[in-house]
Amino acid sequence: MNDLHRPVLEWYDEHARELPWRGLEATPWSVMVSEFMLQQTPVARVIPVHAAWLERWPAPADLAAEEPGEAVRMWGRLGYPRRALRLHAAAVAITESHGGEVPSDHAELLALPGVGDYTAAAIASFAFGQRHVVLDTNVRRVFARAASGVEFPANSVNRAERDLAAGLLPEDEATAATWSVAVMELGALVCTAKAPRCHSCPIEDRCAWVAEGRPAHAGPPRKVQGFAGTDRQVRGRLLSVVREADHAVAKPRLDVVWDEPVQRERALASLLADGLLVQVVATGPDGLPDGDHPHYALP
DNA sequence: CATCCGTGGGA
DNA sequence: TTCCCAAGGAT
């Protein structure tokens, strides 16, 4: 135990949010679904969608039995819908190769579609109580401040940062798992990116950044992605039309969402390439091909 | 290693 | 209103 463990663990015991994917009733599958949804999407928006998913698909095999497009539709407006496709693909892999049970082995988790370093460590830690370095944006920010004395971590994880996190991880397996979620929670609720609540922080008196007088960020500028006018925006509009439709959508209904034709066609092509949309042969009431326009649907 | 991939809420 | 940013992954 170093001198950070006890205050952070005690703070977590008192202040942790009760979330659907925490607690004794949560299954590994529930944890896994939450981790996919929480990749770049805030907790408040995930909660209702996560509940709907778990009700409809209580186990990986239930999702695997559906068409991938159903996952995309149920994903709603969480953003980055390729995650829905990957989660469906992961459910298929679990059903076919892991007996329908979310694997507990870190390497097996990492091999699943959509599971990277963070998500593999998170599932192994939070669903199975294992000891892993869990480095998400919250943890990185807490360690940058408390241990390194800077406001924000580097743009990408480096060796020194991973070594630092490994060195801070409690030896005991169960304690390490709780530590990981506790540091994340501290970053989410207290050690926030903007306006951190240092006076509510259990390690304020041990924080290197506070000791330095909370110096402003001095490293290379942190990149913030634009959105307006990007292909991402166009893709979002196109997919939204199909997602909300009951039947295949004819091309003219997609053309109206974006004026610039070159970018619009590029975005549509990329959605098809990603497998988020498929072109279908639409049929009218007579069973014959319907009109001259191509039609699009979820896969 | 940099870039791309959605969406919405808060300051 | 604009800007920031939110439990990342794949290429």
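Quick note on labels: first sequence line is chain A, next is B, and so on, each numbered from 1.
Taking for each of A:Lys223 and A:Arg83 the nucleotide of DNA chain B with the nearest heavy atom, the 5'-most of the two is the partner of A:Lys223.
In this structure, OH of A:Tyr80 is placed 11 Å from C1' of B:dT3, rounded to the nearest angstrom. One interatomic measurement links the two molecules: CZ of A:Phe36 to C1' of C:dA6, which rounds to 18 Å at whole-angstrom precision. Atoms CZ (A:Phe126) and P (C:dG8) sit 11 Å apart, rounded to a whole Å. Atoms CZ (A:Arg222) and P (B:dT3) sit 16 Å apart, rounded to a whole Å. Separating the CD atom of A:Gln40 from the C1' atom of C:dC5 is a distance of 9 Å, rounded to the nearest angstrom. Note: CG (A:Leu109) to P (C:dG8) measures 17 Å, nearest angstrom. Atoms CD1 (A:Ile47) and P (B:dG8) sit 17 Å apart, rounded to a whole Å. The distance from atom CG of A:Asn158 to atom P of B:dA2 is 12 Å, rounded to the nearest whole Å.
A:Ala122 comes within 4.0 angstrom of nothing in the nucleic acid, heavy atoms only. A:Arg141 comes within contact range of the sugar-phosphate backbone alone, with a heavy-atom separation under 4.0 Å but no base atom that close. Across all strands, A:Phe227 comes closer than 4.0 Å to base atoms (heavy-atom distances). At a threshold of 4.0 angstrom between heavy atoms, the contacts of A:Arg140 with the nucleic acid are absent. Base contact: A:Leu78 has a heavy atom under 4.0 Å from a base atom. As judged by a 4.0 angstrom heavy-atom cut-off over every strand, A:Leu19 is placed among the base-contacting residues. Within 4.0 Å of A:Trp75, counting heavy atoms only, lies no atom of the nucleic acid at all. Contact annotation for A:Thr41: base contact, defined as any heavy-atom pair under 4.0 Å involving a base atom.
Counting heavy atoms from C-beta outward, A:Tyr296 and A:Leu238 have side chains that stay 4.5 Å or more apart.
Spacing between B:dT3 and C:dA7 at atom P, rounded to whole Å, works out to 23 Å. Nucleotides C:dT11 and B:dG6 place their P atoms 14 Å apart, quoted to the nearest Å.
The base of B:dT7 does not come close enough to the side chain of A:Arg232 for any donor and acceptor atom to sit less than 3.5 Å apart. For B:dC5, the base has a donor-acceptor partner in the side chain of A:Gln225 [N/O atoms by modelled type, under 3.5 angstrom].
More than 12 heavy atoms of other residues, nucleotides or ligands shown are found within 6.0 angstrom of CD on A:Glu265. Atom CG of A:Asp205 has more than 12 neighbouring heavy atoms from other residues, nucleotides or ligands inside a 6.0 Å radius. The environment of A:Gln279 atom CD is dense: over 12 non-hydrogen atoms of other residues, nucleotides or ligands sit within 6.0 angstrom. At most 12 heavy atoms of other shown residues, nucleotides or ligands fall within 6.0 angstrom of atom CD in A:Glu55. Taking a 6.0 Å sphere around NE2 of A:His247, one finds it holds 12 or fewer heavy atoms contributed by other residues, nucleotides or ligands. A 6.0 Å sphere centred on CZ of A:Arg17 holds more than 12 heavy atoms belonging to other residues, nucleotides or ligands.
The existence of a salt bridge linking A:Glu151 and A:Arg214 is excluded, since no basic side-chain nitrogen approaches an acidic carboxylate oxygen closer than 4.0 Å. Ion pair A:Arg264/A:Asp255 flagged as a salt bridge, since at least one NZ, NE, NH1 or NH2 atom sits closer than 4.0 Å to an Asp/Glu carboxylate oxygen.
Below 30°, between 30° and 60°, or above 60°: for A:Phe143 and A:Trp179 the angle between ring planes is below 30°, a parallel geometry.
Listed nucleotides B:dT7, C:dA7, B:dG6 differ in distance to A:Pro81; the shortest reach to its side chain belongs to B:dG6. Comparing C:dC4, C:dA6, C:dA7 by their closest approach to the side chain of A:Lys194 singles out C:dC4.
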N/O contacts under 3.5 Å, protein versus nucleotides 9-11 of chain C?
| residue | atom | partner | partner atom | Å |
| --- | --- | --- | --- | --- |
| C:dG9 | OP1 | A:Gly116 | N | 2.9 |
| C:dG9 | OP1 | A:Thr119 | N | 3.0 |
| C:dG9 | OP1 | A:Thr119 | OG1 | 2.6 |
| C:dG9 | OP2 | A:Tyr118 | N | 3.3 |
| C:dA10 | OP1 | A:Gly114 | N | 2.9 |

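Figure legend: cation-pi geometry between A:Arg140 and A:Phe152 absent, as NZ or CZ is not positioned both under 6.0 Å from the six-membered ring centre and within 45° of its axis.
Remark: nothing in residues 250-277 of chain A comes within less than 4.0 Å of DNA chain B through any heavy atom.
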